[in-house]
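Proteins get letters first, then strands, A, B, ... in listed order; numbering begins at 1 in each.
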Protein chains: 2
Amino acid sequence: MRKETSTNSLNRSILNRNCGMVNALSMVGGRWKPAILYSLAEGRQRYSELRNGIPQVSERMLVKQLRELEHDRLVARIVHPEVPPRVEYELTERSKELLPVLNLLSDWGRKNL
Amino acid sequence: MRKETSTNSLNRSILNRNCGMVNALSMVGGRWKPAILYSLAEGRQRYSELRNGIPQVSERMLVKQLRELEHDRLVARIVHPEVPPRVEYELTERSKELLPVLNLLSDWGRKNL
DNA sequence: CAGTATCCCACTCGATACTG
DNA sequence: CAGTATCGAGTGGGATACTG
């Protein structure tokens, strides 16, 4: 059994790993996405609660990143057909699986500030 | 002992967590940084080895991201004063601690392609 | 309340050519 | 060998004003 150290097989495994990373980063790499996920980790929240909870983010960016998170199925958007309108957001199974990993990354990031 | 669910204390912890994440992402969020780290995880490598190992990256970006990684002390740059020049790169303690976390993130990313 | 629409800057990234 | 230099397209993100 030959050791897999040839340049080709090595690259392939590295590039495979990297492919997963690139995908993960494209989903959570937005400027405000981690903040949104952390906020929703406390429980389902209305749009205005998110907005007040993360005061630095502009409406444009909050909506944009929420839509992307929704598209990537990391948050669920629950629209209540009422007047005045009420929209809530919550984590999905997919993002709940991710949270512990984000916590590790966040801890590392704080440790190495 | 009061449950910490007031808006203020909640925000503070979220923003603290997020602060670590933002820092972590700023260090590893570059398009090629994970690939570089994974490549170096196999052991110390010369500049040309990295370049050949990650053929998609342009020289400009490879050098740029290497410099940023070096600045953030995630890779060490070892210059051998010879002719022709020889430069090697290797992981630091700091990035070795990070690798398991990156692997988790990468696994999650692959799983949710 | 929960968003859209518009404008615009800064920065990222890639390709190509050149160099100590 | 291990990089710089330069240019140009594309993207991320902020400020502000408006709306069903």
4.5 Å side-chain heavy-atom contact, B:Ile78 and B:Arg44: yes
Pairing annotation in dot-bracket form, given for DNA chain D with Watson-Crick or G-U pairs under 3.5 Å and | for cross-strand partners: ||||||||||||||||||||
Contact nearer the 5' end of DNA chain D, comparing A:Gly29 with A:Pro85: A:Gly29
Spatial distance of atom OG (B:Ser58) from atom NZ (B:Lys64) [nearest 0.5 Å]: 10.0 Å
Spacing between B:Arg31 atom CZ and C:dA15 atom C1', to the nearest angstrom: 16 Å
Under 3.5 Å: donor-acceptor pair, side chain of B:Asn23, backbone of B:Cys19: no
Test item: B:Thr92 side-chain N/O and B:Arg73 main-chain N/O as donor-acceptor pair under 3.5 Å: yes
Sugar-phosphate, base or nothing in reach of B:Arg51, heavy atoms under 4.0 Å: nothing
First-last contacting nucleotides on DNA chain D - partner chain A, under 4.0 angstrom, heavy atom: D:dG13 to D:dG20
Residues touching DNA chain D, which here means a heavy atom under 4.0 Å, drawn from residues 56-80 of chain A: A:Arg60, A:Met61, A:Gln65
Whether A:Tyr47 side chain and A:Leu62 backbone form a donor-acceptor pair below 3.5 Å: no
CA sep, side-chain torsions, deciding dist, call: B:Met61, B:Arg31, side chain to side chain contact (heavy atoms under 4.5 Å, CB included): CA-CA 9 Å; B:Met61 285 317 296; B:Arg31 175 75 184 78; 5.9 Å; no
Minimum side-chain heavy-atom gap A:Leu25-B:Pro34 below 4.5 Å: yes
Minimum heavy-atom distance between B:Asn18 and A:Ala35, given as atom pair plus value: OD1-N, 3.1 Å
From CG (A:Leu37) to CE (B:Met21), nearest 0.5 Å: 8.5 Å
Backbone N/O of A:Leu66 and side chain of A:Arg77: donor-acceptor pair under 3.5 Å: no
